[in-house]
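We count ligands from 1, going down the list as the structure has it; atoms in each ligand are counted the same way. Quick note: numbers below take in every heavy atom, side chains included, and nothing from hydrogens, waters or symmetry partners.
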Amino acid sequence: MTDNDHPIGIFDSGVGGLSVLREIRSLMPNENIIYFGDQGHVPYGPRPMRQIQDFSEGITRFLLKQHSKIIVVACNTASAAALKHLRETFLDVQFVGMEPAVKPAAEKTQTGKVGVLATPATFQGALYASVVERFANGVELFQNTCSGLVQQIEMGNLNGDETRRILEDALHPMLEKNIDTVVLGCTHYPFVIPLIERIAGEKVRVIDPAPAVARQVKRLVEAGGMANQNGQDGKIRFITSGEADSAKSILRVLLEIDGEVEAITWKNDREIQ
Ligand code: DGL
């Protein structure tokens with residue numbers, strides 16, 4: 001295996017990062033990918049920063065052992081809590097993280113009112129505060145953590161009553177304030193865009209940062225001379241720290257992929273077997 005055949009490593013607290021994987025896959029079909037969903041610990045959102053850093057470090061070590069040539073932190077919560085820590089710990093590794101797309105939202109909004117859906121840890125992180133300070137000039141932001149929505153999506157409930165209730169409770173007050181843009185600050189949420197659009201109506205723009213993240217990964221892989229030139233479709237390995245069979249069925253629901261899923265276990269909160 002040459003370096004260029006080495007995989008792109010992607011991780012999330014669960015299946016949310018698959019919304020980023022699908023954009024990377026469509027942009028770079030030749031690339032091998034290894035995806036790690038830490039379903040044994042999901043949700044990360046309510047967890048302390050230090051614990052999310054420990055999980056992220058352990059997953060990064062695992063992905064590097066699988067020869068990952070770049071690491072995509074396809075998780076806003078882990079990016080907010082751990083991206084700086086990861087870059088300081090793995091000095092020679094390239095990381096691409098997520099940040100709530102406040103900048104494009106602020107550029108596009110006409111009403112000057114924007115909704116942001118993310119997890120508590122994302123909203124508490126310095127990354128979100130800095131994005132707001134740099135880009136939200138003059139725009140009014142309305143935030144909501146959509147408590148319970150990640151778990152619904154982890155169970156494949158993209159249209160159920162509970163999923164709809166959570167989104168209506170989050171969106172209705174924002175719509176009353178006349179928002180015209182919604183930023184998806186959690187990688188799980190693109191999987192419920194159709195429901196969000198049905199609730200918010202066609203006048204409200206929904207911004208999913210995954211395509212922009214995929215373009216950034218492509219730029220870095222090409223700039224680093226790491227692109228896989230072998231011309232065949234890349235292989236995707238799906239790994240979960242949860243239950244392989246349920247991960248397999250969620251993969252079918254979310255990506256319509258009938259892929260094998262490998263289950264691994266944590267030795268402790270910092271190391272993967
Ligand atoms: N999908 C992740 C994000 O983008 C994390 C959600 C969670 O585990 O709470 O924040």
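- Nearest protein neighbour of atom 7 (C) of ligand 1, counting heavy atoms only, is Tyr44 N, 3.3 Å.
- Nearest protein neighbour of atom 5 (C) of ligand 1, counting heavy atoms only, is Ser13 OG, 3.3 Å.
- Ionic pairing of Lys113 and Glu176 is not present here: no N-O contact between side-chain nitrogen and carboxylate oxygen is shorter than 4.0 angstrom.
- Summarising the geometry of Val192 relative to Leu158, their closest heavy-atom pair is CG1-O, 3.7 Å, with the distance given to 0.1 Å.
- Residue-ligand proximity: Cys75 is placed with a non-hydrogen atom under 4.0 Å from ligand 1.
- Closest of all the heavy-atom pairs between Val213 and Gly97 is CG2-O, 4.3 Å.
- Ranking the protein heavy atoms by distance from atom 9 (O) of ligand 1 puts Gly45 N, 2.8 Å first.
- Protein heavy atom in closest approach to atom 1 (N) of ligand 1: His188 ND1, 2.7 Å.
- Remark: ligand 1 and Thr77 share an N or O pair separated by less than 3.5 Å (distance only, no angle test).
- Asp180 approaches Gln110 most closely through the heavy-atom pair OD2-N, 2.6 Å.
- Here the heavy atom of the protein found nearest to atom 2 (C) of ligand 1 is Asp12 OD1, 3.3 Å.
- Nearest non-hydrogen protein atom to atom 3 (C) of ligand 1 is Asn76 N, 3.3 Å.
- For the pair Lys103 and Phe135, the distance from NZ or CZ to the six-membered ring centre is under 6.0 Å and the angle to the ring normal is within 45 degrees.
- Contact between Thr122 and Asn76 at its shortest, heavy atoms only, is OG1-C, 3.4 Å.
- Contacts of Thr187 with ligand 1, taken as heavy-atom pairs under 4.0 Å, involve both backbone and side chain.
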